[in-house]
Amino acid sequence: MSFLQKNKNIIYIILSITCLLPWITPPVALFMGLIFAIVCGRAFSDFNKKASKYLLQISVVGLGFSMNLHEALKSGKEGLIFTIISVVSVMLLGYWFGKKYRVNKNISYLISSGTAICGGSAIAAIGPIVKAKESEMSVSLGTIFILNAIALFLFPPLGKLLHLTQQQFGLWAAIAIHDTSSVVGAGATYGTEALHIATTVKLTRTLWIIPLAFATSLIFKNKSDKVYIPWFIFFFVLAMILNSFLPFPESFSNGIVFIARKGLTLTLFMIGSGLSLQVLKQVGLKPVFLGVTLWFFISILSLSVIIF
């Protein structure tokens, strides 16, 4: 047994604390967990599984304070229509391609949800509802985060190459880029108007977490099971409503969102650290192929509709 494996509990605690630092992002934390699991093995297995489940739900609720209902509904009919078409088509295609590629049902559904709505946040919200395993969550999040990082750097130059207007690029970025943070980053790189359009349309798209969560609880219900009610989604909605209608100081809302994001970051480390090299080999590259297929589809479809 190596030195790292003998001291894996101490290393786990140190890395967990490191995840709370401001410059450690969710994708970095997830890959830290994966590397830890591969090099050191699992640590605090029972605690890790339970803590990641509840911390994930609490973090999703906290992220509700980052949303403003008024701003989300200002995106207009054009953005709303694009959002509806993209969400429905990606979920349907994700189901079809998932069966064609023989991807695990939960992983296929999570990747489809992340591509259709808002990346990691959607997967974080839907994962507990489908009773996804740590390995399924980790693979789904890893796939989405990789594609999301590529999109952040790829889209602005492509927009310039295609001579997209600020409005066109804003719509395209909001629909075809997964996470809100990368949508904001790409929009800001392209221009002020693109940033505003991309942000508001993305917020509208994010609201689809709510109906998707309830639809998911029905779709994944077994005959012997009761309908799973995702109670934390109610609190997510409540947080969003409170943030929209009550005069909270900006520092208060920002503080809660910061804590929630750090909680999500720590959760992703826990999820990654619960994996094993054997599980990763069993999963293979099929989820990545599914993620790339859906990403190409939504990128090309939305671009074609916006241009023509």
Side-chain angles (χ1 to χ4, degrees), residues 67 69 71-101 103 108-123 125-126 129 140 143-144 147-148 150-152 154-156 158-159 162-184 186-187 190 193-216 218-219 233 240 289-308:
M67 297 187 62
L69 192 59
E71 290 294 324
L73 297 178
K74 286 180 182 177
S75 58
K77 292 183 179 180
E78 186 177 21
L80 181 61
I81 292 171
F82 278 139
T83 301
I84 292 173
I85 293 173
S86 66
V87 170
V88 174
S89 60
V90 168
M91 294 305 298
L92 291 175
L93 277 176
Y95 172 78
W96 188 80
F97 277 114
K99 293 189 71 173
K100 185 177 179 64
Y101 293 164
V103 178
S108 175
Y109 195 84
L110 291 175
I111 291 175
S112 300
S113 301
T115 304
I117 303 177
C118 54
S121 298
I123 293 175
I126 300 301
I129 302 174
S140 303
T143 300
I144 290 296
L147 299 179
N148 192 59
I150 294 172
L152 175 59
L154 185 63
F155 270 54
L158 277 177
L162 296 171
H163 304 289
L164 297 182
T165 65
Q166 294 276 317
Q167 182 181 19
Q168 288 175 328
F169 182 83
L171 286 170
W172 187 41
I175 295 171
I177 299 179
H178 302 93
D179 283 320
T180 304
S181 58
S182 290
V183 170
V184 172
Y190 207 78
E193 185 182 353
L195 172 62
H196 175 72
I197 293 172
T199 303
T200 53
V201 172
K202 188 65 176 179
L203 286 173
T204 301
R205 187 178 175 186
T206 302
L207 292 176
W208 276 74
I209 287 179
I210 301 167
L212 181 63
F214 289 102
T216 301
L218 295 174
I219 294 171
I233 293 296
M240 181 177 61
F289 292 148
L290 174 62
V292 171
T293 300
L294 294 178
W295 184 44
F296 268 63
F297 166 77
I298 193 59
S299 298
I300 295 172
L301 174 65
S302 58
L303 182 62
S304 299
V305 173
I306 290 168
I307 292 177
F308 303 110

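We count residues from 1, following the sequence as given. Being a predicted model, the structure only gives us computed values, none of them experimental.
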Smallest separation among heavy atoms of [X] and [Y], with atom names:
| X | Y | value |
| --- | --- | --- |
| Ala174 | Ala198 | CB-O, 3.4 Å |
| Ile177 | Ala186 | CD1-CB, 3.7 Å |
| Gly159 | Phe169 | CA-CD1, 4.0 Å |
| Ser108 | Val103 | N-CG1, 3.9 Å |
| Val87 | Ala116 | CG2-O, 3.4 Å |

Nearest 0.5 angstrom please: [X] [atom1] to [Y] [atom2], how far?
| X | Y | atom1 | atom2 | answer |
| --- | --- | --- | --- | --- |
| Ile306 | Gln168 | CD1 | CD | 7.0 Å |
| Leu290 | Lys99 | CG | NZ | 14.0 Å |
| Ile117 | Met91 | CD1 | CE | 7.0 Å |
| Met240 | Ile209 | CE | CD1 | 9.5 Å |
| Phe296 | Leu301 | CZ | CG | 14.5 Å |
| Ile144 | Cys118 | CD1 | SG | 10.5 Å |

For [X], what residues pass the side chain to side chain contact (heavy atoms under 4.5 Å, CB included) criterion, not counting sequence neighbours?
| X | value |
| --- | --- |
| Lys100 | Trp96, Phe97 |
| Leu92 | Val88 |
| Ala176 | Phe155, Trp172, Ser299, Ser302 |
| Leu195 | Val184, Ala188, Thr199 |

Is [Y] close to [X] at the side-chain level, that is, under 4.5 Å between some pair of heavy atoms?
| X | Y | answer |
| --- | --- | --- |
| Gln166 | Ile197 | no |
| Ile307 | Leu164 | yes |
| Val305 | Ile85 | no |
| Phe214 | Leu218 | no |

**Q.** Check: Ala173 main-chain N/O paired with Tyr190 side-chain donor or acceptor under 3.5 Å
**A.**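 No, because the side chain of Tyr190 does not come within donor-acceptor range (under 3.5 Å) of the backbone of Ala173.
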
Q.
Taking side chain to side chain donor-acceptor pair (under 3.5 Å) as the cut-off, I'd like each qualifying pair that reaches into residues 111-120, sequence neighbours left out, listed once.
A. none

Q: Under the side-chain hydrogen bond (donor to acceptor under 3.5 Å, both in side chains) rule, collect the residues that match up with Tyr109, sequence neighbours excluded.
A: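 Listed in chain order: Thr216.
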
Q) Looking at residues at least two apart in the chain, or sitting in another chain, which of them share a side-chain hydrogen bond (donor to acceptor under 3.5 Å, both in side chains) with Tyr101? A)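 If we apply the side-chain hydrogen bond (donor to acceptor under 3.5 Å, both in side chains) test to Tyr101, skipping adjacent residues, the hits are Thr293.
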
Q | Contacts of Phe297 that satisfy ring pair (Phe, Tyr, Trp, His ring centres under 6.0 Å) - sequence neighbours left out | A | none

